[in-house]
Each structure stands twice: as structure tokens, then as C-alpha cells.
Amino acid sequence: MTAIMTPYSGVEPDAAWRDEVRRLVDQRDAVLLAHNYQLPEIQDIADFTGDSLALSRIAAESSASTIVFCGVHFMAETAKILSPGKTVLIPDERAGCSLADSITAADLRAWKAQHPDAVVVSYVNTTAEVKAETDICCTSSNAVDVVASIPADKEVLFCPDQFLGAHVKRVTGRDNIHVWAGECHVHAAINGPELAERASQDPSADLFVHPECGCATSALYLAGEGIVPAEKVKILSTGDMVKEAKATHAKSVLVATEIGMLHQLRKAAPEIDFRAVNDRASCRYMKMITPAALLRSLRENKDEVHVDPDTAARARASVQRMIEIGRPGGGE
Ligand code: 13P
Ligand code: SF4
């Protein structure tokens, strides 16, 4: 794997940096959003830190005229689709996503041609062009609700994540759902044998597993075989992991997702020992949003995210349905 170098180095995330970032955020009438996988100093300076769904909802509802999205490109693009009149900045536009790269709009059009009556559900980790070909978008926290909202006799095309798709298929019990064979390189590498070994070393630990993980099926297998008590295996989005951290009575938790997640979990429940199942599970794209890149972004009003207006108009309905479904007290 080729490492991507960032030119924005040499800035310390010290008090002067924090003051300058907050001053520029106010000056630009901006809201600063950070995904749970961002570097701890970026999470701590943000107005809101959360999962993709929560951040999309905040971006849609914010009255700020500029959204600074500390996350990856498809997240900032989603904010732009929802708020075309706002300036949306990402501190480094090269922050992509291997999962979003695993399907193109042309791939999806060809797949749809084979299943002309199917409803297309795309994970939010897709480009604006793919969203424009989609009926309903979802995130890991509402994928099951989104698929459950589709009449049972309708065929579903689910893309691009095969592990999230398998999870949705398992939970909804549908057999008329076709799943694209894409994956995230970070989550796919968190494998079943590694999880089983960690779980056997600490049998009383909870397992928090993101549904994009290659080990999600193994986690349920461990529960099914009685190797780990079923109530200890929790398949959760990053936002739901934080909620569960506050609710669990476990003394230790094994976390199967990108390691940036540990920061919010430890803040939410400092008394719990959170450990990564795979401590090499770091998303190089998320980590391109450095303190220096954020400062440059605010100083230079860069990198601005643009989405072609026609594409954005076609993508908007599917994204709006995503933010409605599974909303507490609302949605379908
Ligand atoms: P969440 O929707 O759970 O925040 O996950 C986003 C993501 O990119 C996972 O890799
Ligand atoms: Fe994409 Fe995977 Fe990084 Fe999430 S962790 S942004 S799915 S490459």
C-alpha cells in the first residue's frame, strides 16, 4: 500500500493552535465537524464529533454559512449535497475512501440494468455520482431500518460494502437482497481469528464490532457456539458504540473498528478498559486531516468541495431519505 504524504506538517496542536482554529471558525461563521476516526486533537477541537449519520444531520440543520468537515471526502460531499448554498471545506481533499472507490456510477447502472425493478440502497460511503443512481442511502447506524422500510416483495440491490450487506441480510432475514462485493481495506483486515484470540484472552469483555468488519460474522459465530456469551457481542455503528460505552456494565471492551474510535470511547467511559482488536487498523485517509491541514483550510478557505448541481439534485432525495429513516421519533 502506498503511503500518501501530507505537506502540512510542523504544526503543534498546542494552546496557540487551538485558539487560532477557534478564532478562524468564528470569523468564518463556520461549524467544525469531526468523524469519530479523526485524530484526538481534531476530535477535541470540533463543535461536534460523531458518526456519519449524526454528522450528516448536523450539517443539514446547521445555520452556519460554512461547514468544515474533518472526515473523508464522501462525508463532505454529502454535506454539500444537503446544503448546496453553503461553503463546504475539507482540510485535505485527497482524503478518500477505499470502500467508496469499490463501485462507480457506471458499475451501478450496469447492475441496475440486470435488476430493473430493484430498489437501490447505497451506503453513504459512495461518491455523489453513485448516490445520484440510488433510491435510498444509509449509514451503518440505520442500514437495517432503511432496508426494513422497503416492501418485503421488492428486490434490493445493496452496495458497496459486502460485510454491512451480509449483516443487513442476516438481521432483516430477506433473501431478495443482492450485495455488492466491495469492502473497506481497514475493516476487512480486522479478521475472525484475531478476534477469537483476543476474546479467548479476556472472556468477560464486551465485543464492539463495526458491521464493516471482516470479523462481524465470526463474532456472531463465537456467540452462536457459546464461546462468547451472545449478549456480549454488539454490532454497532461508531455513534452507537459511544452510547453503548455509557450503558454497559463490562469492565473491558474489545473494539473492532478503526482505532480513532478509542478516543471517544475512553472519554465516554474512562473507567472501562477499551482495547483494539487490531491496533494497526488505522485509516490513512482519515489521518490526512492533520492539525496543520485544518489550520490551512481555515486560513485559505480550502479545499472547497463542489458537487455538480445536476448530480447533487439527483443525489439529494436518496440522502434526505437516509437522514429521515431511523430518526428518533421520526422516519419510517
Ligand atoms: P460510521 O457511519 O459508523 O461512522 O462509519 C463510517 C465509516 O467510514 C466506517 O469506516
Ligand atoms: Fe473508508 Fe474504511 Fe477509511 Fe471508513 S475506515 S473512511 S470505510 S477507508
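In this chain, numbering begins with 1 at the start of the sequence shown. Below, each value reflects all heavy atoms present in this structure, side chains not excepted, and no hydrogens, waters or symmetry copies. Numbering of ligands and ligand atoms starts at 1, following listing order. What you see is a predicted model, and the numbers here were worked out from it, not measured in a lab.
For the residue pair D101 / S98, no side-chain donor-acceptor distance below 3.5 Å is found, with atom types taken as modelled. No side-chain donor from either of T134 and S318 sits under 3.5 Å from a side-chain acceptor of the other. Side-chain polar atoms of D29 and S65 form a donor-acceptor pair below 3.5 angstrom. Side-chain contact annotation: E155 with H115, donor-acceptor N/O pair under 3.5 Å present.
Between H185 and Y285, the ring planes lie perpendicular to each other; the angle is over 60°, past the 30° to 60° tilted range.
Grouping the Ile, Leu, Val, Met, Phe, Trp and Tyr side chains by contacts below 4.5 angstrom, directly or via other members, places L82 apart from V130. Following chains of ILVMFWY side-chain contacts shorter than 4.5 Å, one can reach L39 starting from V68, so the two form part of one hydrophobic cluster. Under the 4.5 Å side-chain heavy-atom criterion for ILVMFWY residues, no single connected hydrophobic cluster contains both L99 and I190.
Neighbours of atom 3 (Fe) of ligand 2 restricted to protein N, O or S atoms under 2.8 Å: the count is 1.
Just one of K267, R18, R22 meets the salt bridge (Lys or Arg N to Asp or Glu O under 4.0 Å) condition when paired with D44; it is K267.
The N125 neighbourhood of ligand 2 comprises atoms 7 (S), with distances under 4.0 Å to a heavy atom of that residue.
Around atom NZ of K251, no more than 12 heavy atoms belonging to other residues, nucleotides or ligands sit under 6.0 Å away.
Ligand 2 is never approached by H35 to a heavy-atom distance shorter than 4.0 Å.
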Is there any protein N/O under 3.5 Å from an N/O of ligand 1, and what does the full list of such pairs look like?
residue, atom, partner, partner atom, Å
ligand 1, 2 (O), S52, OG, 2.6
ligand 1, 2 (O), S140, OG, 3.2
ligand 1, 3 (O), S140, OG, 2.8
ligand 1, 3 (O), H210, NE2, 2.9
ligand 1, 3 (O), T238, N, 3.0
ligand 1, 3 (O), T238, OG1, 3.4
ligand 1, 4 (O), H35, NE2, 2.6
ligand 1, 4 (O), S52, N, 3.1
ligand 1, 4 (O), S52, OG, 3.4
ligand 1, 4 (O), T238, OG1, 2.8
ligand 1, 5 (O), H210, NE2, 3.4
ligand 1, 8 (O), N125, ND2, 3.2
ligand 1, 10 (O), E212, OE1, 3.1
ligand 1, 10 (O), E212, OE2, 3.3

